[in-house]
Amino acid sequence: MALPITETVECDILIIGGGMSGCGAAFEANYWGRNLRVVMVEKAAIERSGATGEGLSAINCYMGQRYGWNTPEDFVKYVVNDMMGLAREDLVYDVGRHVDSSVHLLEEWGLPIWKKENGEYERIGRWQIPIHGESIKPIAAEPARKALGPENLYERVSVTHLLTDDDDPGKIAGAIGFGVRENKFYVFKAKTVIIACGGASNVFRPRSVNEGMGRTWYSVFATGAAYGLMIPIGTEMTQMEHRFVPTRFKDGYGPVGMWFQYFHARITNSLGEDYTITRADELKKYEPYGSAIPTPTPLRNHQMFMDIRDGLGPMYMRTEEAMAKLAEGDPAKMDKVRNEAWEDFLDMTISQALTWAAQNIAPEETPSEVVLAEPYIMGSHSGEAGAWVSGPEDLSPPEYFWGYNKMTTVRGLFAAGDGVGAAPHKFSSGSFTEGRLAAKAAVNYLADHPAAPVVGDAQVNRLQETIWAPLETFDRYKGVSTAEEINPHYFTPRQALFRLQKIMDEYAGGTSTWYTTNGPTLERGIQLMETLREDLAHLGARNLHELMRCWEVVDRAWVGESHMRHLLYRKETRWPGYYYRSDYPDLDDANWRVFVNSRFDAESGRWDLFTKPYIRICT
Ligand code: SFD
Ligand code: AMP
């Protein structure tokens, strides 16, 4: 089977991923770098790609500085507490001080934001504002598409590897990928690269299997590419042990924030008890974070988890109780509340509205089951896995600063959104903002480093053979057995995904093990992961779509292995409700209020793990 043709693209800035942060990056790069060639590569089509492709019902990161609601310092305090003491204050502050302007831009471009009678934005909680957000993604994509120009936007091209400079492996040189609808390689030779390709769902076995497979909370298209691209070239990562376990409406994965904060609903167990009251004492074990307001996300989970573990479920979101209270017996008010309840899901998680319809649930009459979902590895919601990046020059101490804001430890390689670690609670608006900041810094870097990268044929040819191998393998061996999916010479990406999910679920603290693991279990899990990674060289793909799935599972395997190695290294349970180390069940601020970082060395195959200090900047 011959290798397909190659198109080579040369540019100044390459943005990988056209989601929220990628669109922000494209818009901003155009503003600061009009003389530069800025190229975006996206595996889908940017109007509906990424986590916001299915719409949103809220902007969850907005300071409201013009109304005097919050300052960026308030935001830093909130985020650090929610992460049980660990977030990079410089990075969080940087998002906080710029995010409002991004929200105002989104409104100017057509995003309908709910307003009060006095014209102020409506609020859900302290940081969250409601939107009619079904179309947030096309609204964010339009200015990005315009800024780039059609000749600079490569859609339906999946990136599989980053390229480094032949003369200097510590410097970025571009990326390589293939067309998902055409037999073609794309080689992007770039002076700077911005990683904007999202977080990771489906690393852990989801609760929805078989008939429900494909239904997860975070986007199924968030395949861990940001991490899977950066780790193999030796980029320093941080907080990869961290995960987000969302409390969600059962089976449809409807988010709960609107229900807790806007409708003021509570959850009760089968005895009618509210765990925030019956489990209040449990928070005292986790001071000073236990008494933070609001209770940190993992601890809210932890309180509910204790009820579930003790067999006190099902847990019900008392939608009927909350709606009745808000309607005060007035049918017109009830109509408004009912519309808002359905819109919350129709804007963002249609599957939840379908679940309600399918199960004859009228939320004003019937409460809905909620559960703790499977873990997600991500950096933009209540999770903080990602690259260790430089902070901004005016805020960051030397330990957190090496020249250019949002630049990773690989020179010229920037990250944003889910790709940046230790900077959570960005959500859609903060990810867009971080993309903008990364692009501005990349333009700055280019002014100081204008030289083109050196990428010879050897690196490209080697990668092309690797990328195409699953198609070759299938072609060579397809006749060996009668069933295409059962063959001694290869396994399919779907089979590989199931194997990865089983390992993660059973050894790394997934749902079937009550989010619990320990040192020996992780060590065994890592052995199994190493074998899986060896076997991934024997993936078989029947077509281009499966070839994309192959590289997605490779990315997810990098995420899984990195997650387990970090879990093993951190000898404490810092985030009960996200995961439990049964051999180190307590939070240990004295020894472990530090970031856990790692670097993979491709030459030796070794992972190096170490800590970085937590430095106060504005708390
Ligand atoms: O309620 C490649 N999010 C919410 N944010 C909010 O502000 N409000 C909400 O209400 C939110 N909620 C929510 C959210 C997400 C989801 C799925 C649901 C509910 C159901 C979070 C935000 O969506 C999230 O924080 C941002 O989107 C993160 O931005 P970014 O840029 O880091 O990731 P992305 O948008 O997914 O974009 C990634 C892009 O990369 C592409 N890509 N391209 C080329 N090659 C590859 N190999 C690639 N791999 C990926 C993707 O296609 C995508 O375009 S609530 O739950 O809190
Ligand atoms: P979710 O819908 O769960 O994704 O949450 C949306 C936003 O509301 C996020 O900023 C959450 O951190 C926040 N949130 C969700 N539940 C609560 C709660 N009970 N108290 C405070 N904030 C919450």
Side-chain angles (χ1 to χ4, degrees), residues 15-25 40-46 48-62 78-79 82 103 124-131 133 136-137 140-141 154-161 175 177 180 195-199 201 216-226 228-229 244 246-248 253-262 265-267 276 293-297 300 344-345 347-349 351-352 376 378-383 386 415-420 424-432 434-435 548 551-552 555:
I15 302 166
I16 305 180
M20 282 315 281
S21 57
C23 287
M40 175 184 278
V41 50
E42 161 59 50
K43 70 176 173 180
I46 65 171
R48 284 287 165 189
S49 70
T52 57
E54 54 185 310
L56 292 181
S57 63
I59 294 269
N60 281 341
C61 182
Y62 181 69
Y78 160 67
V79 173
D82 201 62
V103 174
I124 298 174
R126 187 165 174 189
W127 318 97
Q128 299 87 0
I129 55 174
I131 57 176
I136 187 172
K137 189 61 206 300
Y154 291 80
E155 290 176 300
R156 304 202 188 281
V157 175
S158 182
V159 171
T160 56
H161 300 79
V180 299
I195 290 285
C197 39
S201 61
T216 54
W217 164 68
Y218 209 46
S219 170
V220 285
F221 309 114
T223 55
L229 290 174
F244 176 39
T247 298
R248 288 294 176 261
Y253 286 91
V256 294
M258 188 92 165
W259 280 98
F260 278 135
Q261 299 186 93
Y262 185 76
R266 58 185 192 134
I267 295 176
T276 63
I293 296 173
T295 301
T297 310
R300 293 201 300 271
D344 180 32
F345 292 142
D347 273 349
M348 174 166 63
T349 322
S351 54
Q352 189 60 53
Y376 296 84
M378 57 188 307
S380 70
H381 198 289
S382 312
D418 278 322
V420 169
H425 284 281
K426 297 174 266 219
F427 296 94
S428 59
S429 47
S431 297
F432 189 86
E434 211 167 50
M548 179 175 69
W551 289 104
E552 289 176 349
D555 286 339

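Numbers for residues simply follow the sequence, beginning at 1. All values derive from a computational prediction rather than experimental measurement. Counting starts at 1 for both ligands and their atoms, in listed order.
- By heavy-atom distance, the residue among V157, L56, T160, V41 lying nearest atom 14 (C) of ligand 1 is L56.
- Inclusion of T297 in the set of residues having an N or O under 3.5 Å from an N or O of ligand 2 is not warranted.
- Checked against a 6.0 Å centroid threshold, the rings of F427 and W127 do not count as neighbours.
- Proximity of W551 to ligand 1, defined as any heavy-atom pair under 4.0 Å, is not found for any part of the residue.
- Listed by number with element, the atoms of ligand 2 under 4.0 angstrom from any heavy atom of P294 are 21 (C).
- Side chains of K137 and S49: a donor-acceptor N/O pair is present below 3.5 angstrom, by distance only.
- Counting protein heavy atoms only, atom 3 (O) of ligand 2 is closest to R248 NH1, 2.9 Å.
- The backbone N or O of G417 lies less than 3.5 Å from a partner atom in the side chain of K426, making a donor-acceptor pair.
- For ligand 2 and H425, the ligand atoms under 4.0 Å from any heavy atom of the residue are 12 (O).
- Here Y376 and H381 keep their ring centres 6.0 angstrom or further from each other.
- Ranking the protein heavy atoms by distance from atom 37 (O) of ligand 1 puts G19 CA, 3.1 Å first.
- Every atom of ligand 2 with a heavy atom of F427 under 4.0 Å away is listed here by number and element: 9 (C), 10 (O).
- Taking any N or O of G257, backbone or side chain, at least one lies under 3.5 Å from an N or O belonging to ligand 2.
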